[in-house]
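The structure appears right after this line, and notes come after that.
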Amino acid sequence: GAAVRAASVGMGQRAGGVRIVDGRASLDTDRPSLRLVDVLGADLTALDLESRSLVATVALAQPVSPGVLVAAGHDVDAILRARAAGMVVTDAATGRIRTAHPLIAEILAPSVSPARRREVASALAATGDPLDRATSVHVLVSAGLPAAGDDLAWAAGAAYAAGAPATAVR
């Protein structure tokens, strides 16, 4: 959508590979081609450790409420720093936080340790919210970690009821 395009243009501008001329984005042909994943990687590396850890948690659990992030051990200042760096955005309607670009999740989520995944899953499950409960199961199962049988059965039923039978089978 528009937010992803705006984030991509902003990242390209920071890296020097995109310039704005008369309100339109254009590639700077005087510079070597930059891959978006490289630009994102550089932006993530520039974050402080706590902010980068927060963005990794968001990548696992998005869209996630600020309360879950705090329950998972992050401080509110890290949320603000990650937002200011353009790595996360807040949905105005729900207040939930997600990564500013899908590639951020692709870069960070695989590197999250099993222990950290368990902590995040626990914080999600503790909210009692059905979306958070389903996400809790996904955070574990997507990394091959065990989830409680009743949580797996509940998540499969919820996925089936939502019209996602392939997800329910997985």
Side-chain angles (χ1 to χ4, degrees), residues 1-4 6-8 10-11 37 40-164 166-170:
V4 171
S8 299
M11 289 175 214
V37 72
L40 286 169
D43 285 354
L44 288 165
T45 301
L47 290 175
D48 63 274
L49 187 59
E50 169 57 21
S51 297
R52 192 169 38 251
S53 174
L54 175 124
V55 176
T57 300
V58 171
L60 283 180
Q62 63 185 327
V64 61
S65 72
V68 168
L69 294 172
V70 171
H74 297 291
D75 61 59
V76 175
D77 289 337
I79 298 170
L80 298 175
R81 289 190 306 273
R83 187 182 298 136
M87 294 291 107
V88 299
V89 294
T90 302
D91 183 286
T94 65
R96 289 179 173 261
I97 299 170
R98 62 176 175 74
T99 58
H101 194 285
L103 283 176
I104 295 170
E106 293 288 327
I107 292 167
L108 289 177
S111 68
V112 177
S113 73
R116 183 67 183 142
R117 282 178 179 270
R118 285 186 201 91
E119 291 170 357
V120 171
S122 178
L124 285 160
T127 69
D129 179 271
L131 174 61
D132 289 343
R133 184 176 182 192
T135 303
S136 171
V137 171
H138 175 76
V139 164
L140 295 172
V141 173
S142 66
L145 298 171
D150 59 334
D151 287 336
L152 285 170
W154 176 87
Y160 187 80
T167 301
V169 170
R170 276 188 261 143

Might you point out which heavy atoms bring [X] and [Y] nearest each other, and give the distance in Å?
X      : Y      : value
Asp150 : Arg133 : O-NH2, 3.9 Å
Leu47  : Ala85  : CD2-CB, 3.5 Å
Thr99  : Val58  : N-CG1, 3.6 Å
Ser136 : Ala121 : OG-O, 2.9 Å
Val120 : Ala61  : CG1-CB, 4.1 Å
Ala105 : Pro110 : O-CD, 3.9 Å

Inter-residue atom distance [X].[atom1] - [Y].[atom2], 0.5 Å rounding:
X      : Y      : atom1 : atom2 : result
Asp132 : Thr127 : CG    : OG1   : 3.5 Å
Ser65  : Asp91  : OG    : CG    : 12.5 Å
Leu124 : His138 : CG    : NE2   : 11.0 Å
Met87  : Ile97  : CE    : CD1   : 14.5 Å
Leu49  : Leu54  : CG    : CG    : 11.5 Å
Ser113 : Glu119 : OG    : CD    : 7.0 Å

Would you call Ile79 and Pro66 a side-chain contact if the rule is heavy atoms closer than 4.5 Å? yes
Considering only heavy atoms from C-beta outward, does the side chain of Leu131 approach that of Arg96 to under 4.5 Å? yes
For Val139, does its backbone N or O pair with a side-chain atom of Arg117 as donor and acceptor, under 3.5 Å? yes
Backbone of Ser53 reached by a side-chain donor or acceptor of Thr57 within 3.5 Å: yes
Here the salt bridge (charged side-chain N to carboxylate O under 4.0 Å, His left out) pairs for residues 136-146, sequence neighbours left out, are none
Counting heavy atoms not belonging to His74, are there more than 12 under 6.0 Å from its NE2? yes
